[in-house]
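Step one of this worksheet: look at the structure below.
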Amino acid sequence: MNPIRPLSVAIASLLAGAAVPSFAQETASFAVTTELKVTSDQRSRGVSDSFNRPGAKLSVQAAHESGFVGLAEFATVSKKQFLGGEGLGVTLAGGYRFGDPEGWHYGVGLATELFPGAQFEAPHGFDMSTGTPTDWRSTKYDSAFAVAEIGYGALEARAMNVISKTYRGANTGGVCGTMLSLMADPMPGLACYARGDHGSRGSWLFDLGYKIDLNPTTALNLHGGYQKIANFKEANFADYSVGITHKRWGFNWSAEWMTTRTKVRELYIALDGDKARATDNSRLVVSVARSF
């Protein structure tokens, strides 16, 4: 079932890059930017959403001079990870940003992440006396978040709090069920079930990013993140990345090294038939994007 899929970085970029034009453009009261991106691996917070395969993303960002910003994003995801779905991830977000983009600046917003049709069946209980799973239920991967940001110049820090019942399906059935079915030792999974039936509302996602302009067309991007999943410490993990973006011929060319430090790797394994594949492995991801 493998429900723990990290939050799309698009939500973070909503309050970062998308809001800047509203301060920088004095002659335009409203600006809309559309970006089409093709990547060798569609990753969020260092974990693949495309089963370690190429993906594509279409983003539409709108910014008003008052500071209000909005985002709609459509990305390809793997049906082997987001079970029963259409192979599509949709992010919708809106917020308000204020301050000086060259100095201290701040932002707040709300966002939702949707995976049309995607859901999984899992047991939310386990009968220790008979050794059988109980209380089977269906869970969607959809999530909702409250977002806050603070930054100074090119340094951006942001925190996202899960306000939906679950974060990408992280509940007792998803987390404990995955551990029990994939771990060689059943005891961690049983201990997870013994804690009772829980969701993951109240989880926290943290990000820290810094951009260094090497020249007018090339930038070095540094990122560090951490997710703390409510009621399921097994799903906590950190992610790191370092990358280069270069502008040439009207395109943004990027190469980024991504790595994660997960606690229970089985939560980030997806099944392809009878083969198990890790989606949290370190990888060099290359991409090309064009803005319109």
Side-chain angles (χ1 to χ4, degrees), residues 1-7 44-45 47-49 51-52 77-87 89 112-145 161-205 226-238 260-281:
M1 55 203 72
N2 192 25
I4 313 299
R5 295 271 152 251
L7 173 67
S44 298
R45 306 183 72 84
V47 176
S48 180
D49 282 345
F51 208 51
N52 303 319
V77 299
S78 173
K79 295 181 181 180
K80 290 183 173 64
Q81 295 172 257
F82 298 93
L83 305 177
E86 304 297 328
T112 184
E113 196 175 36
L114 308 172
F115 301 92
Q119 57 185 328
F120 63 91
E121 295 281 340
H124 285 246
F126 194 87
D127 189 331
M128 302 295 179
S129 62
T130 62
T132 58
T134 62
D135 192 14
W136 286 80
R137 298 184 219 159
S138 177
T139 300
K140 294 183 178 181
Y141 299 90
D142 300 346
S143 309
F145 313 87
N161 182 253
V162 176
I163 58 177
S164 53
K165 188 175 181 180
T166 67
Y167 168 51
R168 289 193 166 196
N171 57 20
T172 296
V175 178
C176 305
T178 298
M179 292 171 61
L180 189 60
S181 63
L182 295 182
M183 296 182 73
D185 181 2
M187 295 310 298
L190 294 176
C192 181
Y193 272 115
R195 297 200 299 261
D197 189 19
H198 300 285
S200 50
R201 178 181 286 128
S203 298
W204 287 96
L205 312 175
Y226 185 76
Q227 69 175 36
K228 183 176 177 60
I229 305 303
N231 301 311
F232 302 102
K233 61 184 179 180
E234 299 89 350
N236 297 346
F237 79 83
T260 62
R261 295 293 182 270
T262 54
K263 296 183 68 174
V264 178
R265 196 175 199 190
E266 283 78 5
L267 295 176
Y268 305 94
I269 288 178
L271 298 177
D272 183 10
D274 59 353
K275 296 182 179 179
R277 301 191 181 209
T279 59
D280 65 339
N281 52 323

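We're numbering straight along the sequence, starting at 1.
- Under the 4.5 Å side-chain criterion, counting only non-hydrogen atoms from C-beta, L267 is not in contact with M183.
- Taking both residues in full, the closest heavy atoms of W136 and E121 are given as CZ3-O, 3.9 Å, listed atom of the first, atom of the second, then distance.
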> Are F120 and F82 close enough, and set up right, to give a ring-ring contact (aromatic ring centres under 6.0 Å, His included), and what steps lead you there?
Replying inline: CA-CA 8 Å; F120 63 91; F82 298 93; over 10 Å; no
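- Heavy atoms only, all atoms of each residue included: Q227 and A235 are closest at NE2-O, 3.0 Å.
- In this structure a side-chain-to-backbone donor-acceptor pair under 3.5 Å is present from N231 to G199.
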>> Determine whether M179 and V264 satisfy the following criterion, side-chain contact (heavy atoms from CB on, under 4.5 Å), listing intermediate values before the conclusion.
In response: CA-CA 8 Å; M179 292 171 61; V264 178; 4.3 Å; yes
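- The distance from atom NZ of K263 to atom CG of N236, rounded to the nearest 0.5 Å, is 5.5 Å.
- Taking 4.5 Å as the limit, some side-chain heavy atom of I229 sits within range of a side-chain heavy atom of S203.
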>> Working note: D197 + R137, criterion side-chain contact (heavy atoms from CB on, under 4.5 Å); need CA distance, chi angles, decisive distance, verdict.
In response: CA-CA 12 Å; D197 189 19; R137 298 184 219 159; 2.6 Å; yes
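- For the residue pair E113 / S143, no side-chain donor-acceptor distance below 3.5 Å is found, with atom types taken as modelled.
- Taking a cutoff of 4.0 Å between a charged side-chain nitrogen and a carboxylate oxygen, R195 and E234 qualify as a salt bridge.
- Side chain of T112 to main chain of A144: no donor-acceptor pair is present (N/O by atom type, distance under 3.5 Å, no hydrogens or angles).
- Within a 6.0 Å sphere centred on CE of M187, other residues, nucleotides and ligands contribute 12 heavy atoms or fewer.
- Between T172 and G196, the shortest heavy-atom distance links the atoms OG1-O, 3.1 Å.
- Side chains of T139 and H124 form a contact here, defined as non-hydrogen atoms less than 4.5 Å apart.
- Under the 4.5 Å side-chain criterion, counting only non-hydrogen atoms from C-beta, T260 is not in contact with Y268.
- You'll find the side chain of Y226 stays beyond 4.5 Å of the side chain of W204, heavy atoms only.
- Ion pair K165/D142 not flagged as a salt bridge, since none of the NZ, NE, NH1 or NH2 atoms sits closer than 4.0 Å to an Asp/Glu carboxylate oxygen.
- Residues P123 and Y193 form a side-chain contact, since some pair of their non-hydrogen atoms from C-beta on lies under 4.5 Å apart.
- Judged purely by atom type and a 3.5 angstrom limit, S164 has no side-chain atom pairing as donor or acceptor with the backbone of F145.
- The backbone N or O of A278 sits less than 3.5 Å from a side-chain atom of N52, completing a donor-acceptor pair.
- Taking 4.5 Å as the limit, every side-chain heavy atom of H198 sits out of range of all side-chain heavy atoms of V175.
- K80 contributes atom NZ, which lies 13.5 Å from atom OG1 of T279 (distance to the nearest 0.5 angstrom).
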>> With side-chain contact (heavy atoms from CB on, under 4.5 Å) as the criterion, how do L205 and R45 come out once you've worked through the C-alpha distance, each side chain's angles and the decisive distance to 0.1 Å?
In response: CA-CA 10 Å; L205 312 175; R45 306 183 72 84; 3.9 Å; yes
>> Does F232 form a side-chain contact (heavy atoms from CB on, under 4.5 Å) with C192? I'd like the steps, not just the answer.
In response: CA-CA 8 Å; F232 302 102; C192 181; 4.1 Å; yes
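- Within the model, atoms CZ of F237 and NZ of K228 stand 14.0 Å from one another, a figure rounded to the nearest 0.5 Å.
- Under 3.5 Å, the side chains of S44 and D49 contain a donor-acceptor pair of N or O atoms.
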>> As a quick check of understanding, evaluate side-chain hydrogen bond (donor to acceptor under 3.5 Å, both in side chains) for D280 and T262, giving each step before the final call.
In response: CA-CA 8 Å; D280 65 339; T262 54; 2.7 Å; yes
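- With a 4.5 Å cut-off on side-chain heavy atoms, T166 and R201 do not count as touching.
- Using a distance-only test at 3.5 Å, with no hydrogens or angles considered, a donor-acceptor pair links the side chain of N171 to the main chain of G174.
- Across every non-hydrogen atom of A230 and G202, the tightest pair is CB-C, 4.0 Å.
- In this structure, F51 and S78 approach most closely via the heavy-atom pair CB-OG, 3.5 Å.
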